[in-house]
Amino acid sequence: MSGGFPNPATFPTADLDAIVARLLRDEPGIALQYAPSEGIPSVREYLSDRQEALQGRRPAAGELIVTSGGMECIALVCQSMLDPGDTVAVEAPTYLGALMAFAAAEVDVEGIAMDADGLEVDALAERLEAGVRPKLLYVIPEYQNPTGRTLSLERRHALVELCRRHRVLIVEDVAYREMAFDETTALPSLWSLGPDVVLQAGTFSKIFCPGVRLGWAAGPADVVAQLAAAKQLTDQCAGGLGQRMVEEYGRAGHFDRRIPQARELYGAHWRALSIALERELGDVCTWSQPTGGFFTWLTLPEGVDSVELRPAALDAGVTYVPGTPFYSGDGGRNELRLSFSHLAATEYGEAVQRLASVLRA
Ligand SMILES: Cc1ncc(COP(=O)(O)O)c(C=O)c1O
């Protein structure tokens with residue numbers, strides 16, 4: 001239950017087989033060629049259509065580029081905007097990959113507390129009022145990695161307003177946004193609420209497959225232009241084949257058909273894990289209640305150390321990620337992340353039993 005990999009059962013192999021064969025046959029000069037750094041024009045058009053359909057706002061010219069995944073967008077932000085000694089604010093805890101990128105950029109990371117409704121916007125406001133000057137705030141509003149929590153509607157409005165007032169760029173990572181268990185729960189993206197102060201980092205890794213390495217960056221045109229310039233020094237362009245695969249797949253309506261199936265799968269996994277947790281650990285631990293995504297966040301009794309317990313858990317045949325690497329500073333020793341993306345629904349009972357036997361011992 002450690003990795004955040006999407007379940008291979010969601011990979012659309014048969015549809016892709018036909019699409020790739022057609023692309024190789026009919027347009028090798030596009031799909032196998034270098035592409036513009038900003039992305040193939042028809043793909044940008046498709047991604048803009050998608051933003052409009054799903055988030056109610058269409059990026060204007062220059063407000064969207066294609067990236068080689070969500071992680072690349074974070075790396076491009078670091079490369080083009082951050083200098084050593086700058087401050088970046090993050091949710092505490094947050095995505096390990098982002099923390100590693102910020103560490104490599106030699107910036108100071110200011111962790112802001114979270115609760116069941118996501119980032120505590122009042123806590124951020126207090127820090128800003130106290131003189132902390134972050135160049136940006138990195139936030140994962142839906143089914144956050146690692147906690148599974150979602151930022152409430154009220155806080156979304158408050159956060160955009162606060163960051164606009166203090167001139168802090170919000171980098172909104174929407175990696176799990178489309179992975180709600182229940183389709184009716186979508187809240188407005190931060191980018192749709194504040195396109196002047198929000199850069200959205202999106203990815204097709206969870207709703208399509210990570211192997212294509214494809215995502216997008218949508219935000220203020222001057223910020224997006226800086227990312228596009230930085231991209232010329234990394235891979236110059238996202239792979240043309242993957243770009244056209246996503247476009248063809250999407251325009252044929254496959255996302256509309258396959259994403260609900262994936263939601264169903266992960267929802268069933270979560271229900272199985274949740275029942276097992278309640279049965280085995282209900283009297284000793286607490287955990288978050290995700291409404292989508294891949295993760296729940298477990299709090300162990302005070303004094304129980306998730307790092308020290310890991311070898312015993314491995315011996316018992318169960319894995320998790322300890323809480324500490326998700327914090328920039330101290331924190332997380334009595335917390336851990338469980339993923340429910342990868343095991344089959346029938347395996348959570350046994351997995352949690354093993355974890356419970358280690359915790360009780
Ligand atoms: C919150 C978050 N952002 C970004 C990524 C990276 O996504 P990509 O595969 O698009 O680089 C992940 C992957 O696990 C993630 O959890």
Side-chain angles (χ1 to χ4, degrees), residues 1-8 10-11 39 43 47 50 64-79 88-104 109 111 114 118-119 136-151 170-180 189-191 198-219 227 230-231 234-235 238-239 242-243 245-246 255 259 262 266 288 290 292-297 320-321 323 325-328 337-342:
M1 292 183 283
S2 49
F5 285 22
N7 197 295
T10 65
F11 296 162
V43 178
L47 295 186
R50 205 161 185 271
L64 179 141
I65 59 168
V66 180
T67 65
S68 302
M71 190 59 220
E72 196 212 7
C73 184
I74 296 168
L76 292 175
V77 165
C78 291
Q79 206 170 313
V88 164
V90 301
E91 294 155 317
T94 191
Y95 172 46
L96 180 54
L99 283 180
M100 286 165 63
F102 295 141
V109 176
M114 301 180 79
L119 181 88
L136 59 89
L137 165 74
Y138 170 75
V139 62
I140 309 163
E142 291 91 17
Y143 328 121
Q144 198 237 19
N145 184 0
T147 64
R149 293 170 184 148
T150 292
L151 188 65
I170 299 174
V171 176
E172 172 190 40
D173 185 334
V174 292
Y176 300 92
R177 178 174 168 81
E178 293 176 51
M179 277 299 141
S189 67
L190 297 175
W191 171 76
V198 180
L199 174 73
Q200 181 175 95
T203 177
F204 286 96
S205 287
K206 316 296 173 178
I207 55 173
F208 187 58
C209 43
V212 297
R213 311 306 301 130
L214 211 74
W216 67 90
L227 300 192
K231 194 165 171 56
T234 57
D235 60 358
Q243 292 193 49
M245 279 162 66
V246 165
F255 281 122
I259 290 176
Y266 296 124
S288 62
F294 291 0
F295 308 112
T296 186
W297 186 242
Y320 58 79
V321 185
F326 299 105
Y327 287 89
S328 58
R337 188 191 77 177
L338 293 181
S339 162
F340 49 84
S341 66
H342 211 74

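Both ligands and their constituent atoms are indexed starting at 1 by order of listing.
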With rounding to the nearest 0.5 Å, note down the distance linking CD in E172 to SG in C73.
11.0 Å
Aromatic plane relationship, F326 with W297 - under 30° parallel, 30 to 60° tilted, over 60° perpendicular:
perpendicular
Protein residues having a heavy atom less than 4.0 Å from any atom of ligand 1
G69, G70, M71, Y95, I140, N145, D173, A175, Y176, T203, S205, K206, R213
How close do P6 and F11 get, heavy atom to heavy atom, and via which atoms?
CG-CE2, 4.0 Å
So which atom in H342 and which in P8 form the shortest heavy-atom distance, rounded to 0.1 Å?
CE1-CD, 3.7 Å
Step through it carefully: locate the ring centre of F255, locate the ring centre of F204, and say whether they are under 6.0 Å apart.
yes
Suppose we screen for side chain to side chain contact (heavy atoms under 4.5 Å, CB included). Which residues come up paired with E142, at least two apart in sequence or across chains?
R156, V174, R177
